[in-house]
4 protein chains.
Amino acid sequence: MFCFCKDQCYRMPVFFGGSDYDATYEATAFDALTVSFVQETSREALNCYLPAGFTLLTPTITYEYAQFRNVNFLAGGAYNIFQASLPVHFEGKKDSLDGVLPLVIWENNTIPILGGREESGMPKIYADISDITTIDGSYFSSVSFHGNTFLDFDVSNLRPCPESQFSSLKASYANINAIGLRYIPHVGGPGADLLQLILYPQSIVPYRIYNCEGSLNWTKLLYKKGLIHSIIVEQLSSLPLLSMSNPTLTKGKVIMRSPLCRVIK
Amino acid sequence: MFCFCKDQCYRMPVFFGGSDYDATYEATAFDALTVSFVQETSREALNCYLPAGFTLLTPTITYEYAQFRNVNFLAGGAYNIFQASLPVHFEGKKDSLDGVLPLVIWENNTIPILGGREESGMPKIYADISDITTIDGSYFSSVSFHGNTFLDFDVSNLRPCPESQFSSLKASYANINAIGLRYIPHVGGPGADLLQLILYPQSIVPYRIYNCEGSLNWTKLLYKKGLIHSIIVEQLSSLPLLSMSNPTLTKGKVIMRSPLCRVIK
Amino acid sequence: MFCFCKDQCYRMPVFFGGSDYDATYEATAFDALTVSFVQETSREALNCYLPAGFTLLTPTITYEYAQFRNVNFLAGGAYNIFQASLPVHFEGKKDSLDGVLPLVIWENNTIPILGGREESGMPKIYADISDITTIDGSYFSSVSFHGNTFLDFDVSNLRPCPESQFSSLKASYANINAIGLRYIPHVGGPGADLLQLILYPQSIVPYRIYNCEGSLNWTKLLYKKGLIHSIIVEQLSSLPLLSMSNPTLTKGKVIMRSPLCRVIK
Amino acid sequence: MFCFCKDQCYRMPVFFGGSDYDATYEATAFDALTVSFVQETSREALNCYLPAGFTLLTPTITYEYAQFRNVNFLAGGAYNIFQASLPVHFEGKKDSLDGVLPLVIWENNTIPILGGREESGMPKIYADISDITTIDGSYFSSVSFHGNTFLDFDVSNLRPCPESQFSSLKASYANINAIGLRYIPHVGGPGADLLQLILYPQSIVPYRIYNCEGSLNWTKLLYKKGLIHSIIVEQLSSLPLLSMSNPTLTKGKVIMRSPLCRVIK
């Protein structure tokens, strides 16, 4: 008979065995390139996305592309990410902390999508996300679904950031509190069978950080061409654009400490 | 503030809105081609995969390839499946029924993988699964991970099945009770935060069924080349091979009634 | 020693052997779906694309999408095409004929690209071209390069064409004279080492033809994002748009008689 | 009217314009990782692949994988290669030189395939070639067609090569005479319309070279599963295996001087 071993961790399919819980395991992308844009928008518009207990630290939304290579849980493989997140304070009954609330995370590899969603409540969905390409000192990539581009960006004029900025960013990257809202649907009707807020500790260890110029462009898609992506793009691209920061480009290492995830209340 | 609407169904990301619950919705592949092999093996070996409450109807494991096209929830798009399942009887405290217990379902599209896992506990994981190709009356496909083939099959000598066989199979396909073990991991340690048996009603409406000859071949992979796939392949390919049925090839329509899923006990 | 067999046909790599010349061989897509748009534009603009000996039959450019499945030279595999072509009369020293001059043919499979270019001078280049998807009676697809969509189209409101139109189109599809300008570059400098006009006889055998409504949309790309595609898109999308026909959608079989190609002069 | 500009270089499609001839242009992969295996085999078996004028320098065949990133002619994009080549001396009527004769070059990007075949006679064909992955100090990749793996290799136990070996290899990599047999088929029958031997000067600039242990494995495929690949695999995997060298892994830069190609006789 199939039985769960009490001290083991499982993922579906469960039938072929579990694995030991290892609190020290770090999911790591040893070769990471990230590009960040910070958009200033209206507090009112963003508040619509904040669950109870959350407040905005600043009325901004951060868009971040990441190209992950030499990823340990993929046997040295690679994947790319594009995420939209809000800087938040969470004030719960037990927990009080600052963090980052991802609204959506597009990824081009199913393996981290499954782990991130089911273990940490990260709102990950699949999209095609091209590797960074570069020509004449500019870097660019695009995000698409079934051949339909819905987002692209360019950065150029890379200048190494000043030492003080590097130190400050490095410190802020050392302990990132990503927060997921794990929602597992109720079977056979509306609502959830499981609903939890999960804190997911992550770090970026920067080797080099560049200040850049650049732009980020949305292309709206009809529902039939983009399905769920269309709806998300419609909403995000409609946020008031008060200002867009100059982007930064970071090369470094990204560490995701999924065994240290914990439910916050 | 973001609030869940009480009567809505959500999936992660939840922030962009939910959808109405529609009990009549049928996820449908209007153009489906399936190939089935039934392997007779030892009851003892299969029993290791049966959770409490389950018994084998026959000591067999069914391997089924499906090429789904014109899929309504993909805006007419396509995906392919390869699954291993057991014919089971479930005798619970409340429920008593015959069904099919998938041990693993490989799919090449993340969208149905997410829905199937989170809403129905289907043990779906990603693999590259080629479309059926055909030459000189034989049909073939293969399943691979990161360029490493771990399964392939061939069928040939297709003969339309006799009318009586068609009627019998059609009847058996009309109400398929797929059963999933939805396992959502505990946060920050071994075990589950949610563990349910879910009945997922499905149907195949056959247009044509063929009896064929054919073969199914596994290629074992080192862990580093196949990750979780290696472990599954290792186990499935090691099941005693008492006999392998002649395969059948079916063209038809497949209907998955996810809103009618229910927890069984 | 490696020698060419005098009566054999070779393709690079030549070292592993040639194949017999078979004048009756027909490269065939047994399951083809095509969508055609005809744009009326200025004769002057199109004349810039006509080599010596060619004149326009009408001042129009035809855009044609094709989804080819069950292709015999791909062991039953599939590929998609999007081409821009001109209706032409060729008046040479020896030959006088009407035909179709493709300006560019995008394809998503390298095998027919190589054969078409090297054996017939067809101006084929690679792009990602999505399978037709369909929802609520509309059909659509897009063409992209490295995640950047540069072309997409929609058709809807399909109505079977009248019998007289079917007969007329069927007749016109029976003998299509595609004409390629085979240009093999000079080694180590400008110019060509081989330059020929090649007539490539093809047929479409329609099973069903539909009149539709629809639209075709170009998205210009910066050179760095689209390379050669950017230049082509720039030029084609800049052709004066005097009118765009309603599209037709055809289901049928496509036959390409590459062994019957001949040089025209 | 469309006319060729006398001093311009063209590729199909020619209609959208040519480009200047630039003898100094270097197609460059700024980030290249290569893995080489040298198989000792029978001189007799290899002689079957040598056109008139060629003799073997040693009775060996070299298998080389390359992962090219940051490629200038792909706007910073990437592609992978796997090639089989012979070390040869060419003694022609005019030219006498040592070089490398590729028998087949698999690549996973159509753009360099087209350029290499048509401009330099390189025997390039498409295959899926995975990026190098790495786990526990071993590196591996595989080559497949339509989901069917036909070649894979592993290297491990990397040790930086001694300085003297580095210098010697660096010198030998500085001027690589790749030789292509450009074969453009005759139209409408057996034979060639253009047949030339082309010398293609290339360089590898190594940054680091490692001596390794490893293995290279072929998987034969039925014709229907591998098409032309099946035939090539059949022949190469059947070469007598007298010994296989330990592999080397090189990180560096690869430069291909296509404008300096020249016909040799």
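Atom set for the values below is all heavy atoms of this structure, side chains included, hydrogens, waters and symmetry mates excluded. We name chains A, B, ... by the order of the sequence lines, and we start the count at 1 in each one.
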Any luck finding a side-chain donor-acceptor pair between [X] and [Y] under 3.5 Å?
X      : Y      : value
A/N177 : A/D98  : no
A/T58  : A/T60  : yes
A/S258 : A/E119 : no

Most chain B-contacting option - heavy-atom pairs closer than 4.5 Å, from [options]:
options                        : answer
A/L114, A/L227, A/I113, A/I111 : A/L114
A/R262, A/K224, A/Q8           : A/Q8
A/S120, A/A23, A/C3, A/A52     : A/A52
A/Y126, A/Y10, A/F4            : A/Y10
A/E234, A/M122, A/R117         : A/R117
A/P51, A/C9, A/A75             : A/P51

Open item on the list: Would you say the ring centers of B/F15 and B/F2 fall short of 6.0 Å from each other?
Closed with: yes
Open item on the list: Determine whether the aromatic ring centres of residues B/Y65 and B/F82 are separated by less than 6.0 angstrom.
Closed with: no
- [ ] On the 0 to 90° scale, with breaks at 30° and 60°, tag the B/Y49-A/F16 ring pair as parallel, tilted or perpendicular.
- [x] tilted
TODO: Look at the aromatic rings of B/W218 and B/Y63 and report parallel, tilted or perpendicular, splitting at 30° and 60°.
DONE: perpendicular
TODO: Can you check whether anything in residues 180-195 of chain B gets within less than 4.5 Å of chain A, heavy-atom wise, and list it by number?
DONE: B/L181, B/R182, B/Y183, B/I184, B/P185, B/V187, B/G188, B/G189, B/P190, B/G191, B/D193, B/L194, B/L195
Task: Those residues of residues 99-110 of chain B, ordered by number, that approach chain A below 4.5 Å (heavy atom to heavy atom) - done: B/L101, B/P102, B/L103, B/V104, B/T110
Open item on the list: Do the side chains of A/R11 and A/E118 get close enough for a salt bridge, i.e. N-O under 4.0 angstrom?
Closed with: no
Heavy-atom contact with chain B under 4.5 Å, split by part of [X]:
X      : answer
A/Y200 : neither
A/F73  : backbone
A/Q196 : side chain
A/K225 : neither
A/P259 : backbone
A/C48  : backbone

- [ ] Dump the intermediate steps for side-chain contact (heavy atoms from CB on, under 4.5 Å) on A/Y79 and A/I129, then the final yes or no.
- [x] CA-CA 9 Å; A/Y79 69 108; A/I129 306 175; over 6 Å; no
TODO: Check A/P240 against A/Q39 and note the closest heavy-atom contact, atom names and distance.
DONE: O-NE2, 3.1 Å
- [ ] Taking all heavy atoms of A/G226 and all of A/S230, pick out the closest pair and write down the distance.
- [x] CA-OG, 3.0 Å
Open item on the list: Evaluate B/I179 against B/L197 for side-chain contact (heavy atoms from CB on, under 4.5 Å), listing each step before the verdict.
Closed with: CA-CA 7 Å; B/I179 301 171; B/L197 286 171; 4.3 Å; yes
TODO: Under 4.5 Å heavy-atom distance to chain A, tell me which part of B/K124 shows up: side chain, backbone, both or neither.
DONE: backbone
Task: Which portion of B/L46 sits near chain A, non-hydrogen atoms under 4.5 angstrom - done: neither
- [ ] Please answer whether the main-chain N or O of A/G147 pairs with a side-chain N or O of A/S144 as donor and acceptor at a distance below 3.5 Å.
- [x] no
Open item on the list: Whether the side chain of B/T28 engages the backbone of B/E26 through a donor-acceptor N/O pair (distance < 3.5 Å, no angle test) should be reported.
Closed with: yes
TODO: Give, for atom CD1 of B/I125 and atom CZ of B/F145, the distance between the pair rounded to the nearest 0.5 Å.
DONE: 9.0 Å
- [ ] Would you sort out whether A/L97 and A/I264 count as a side-chain contact (heavy atoms from CB on, under 4.5 Å), showing the intermediate values?
- [x] CA-CA 10 Å; A/L97 54 91; A/I264 58 176; 4.3 Å; yes
Task: Selection from B/V263, B/L260, B/I232 maximising heavy-atom pairs under 4.5 Å formed with chain A - done: B/I232
Task: Working for side-chain contact (heavy atoms from CB on, under 4.5 Å), residues B/V143 and B/T149 - done: CA-CA 6 Å; B/V143 187; B/T149 311; over 6 Å; no
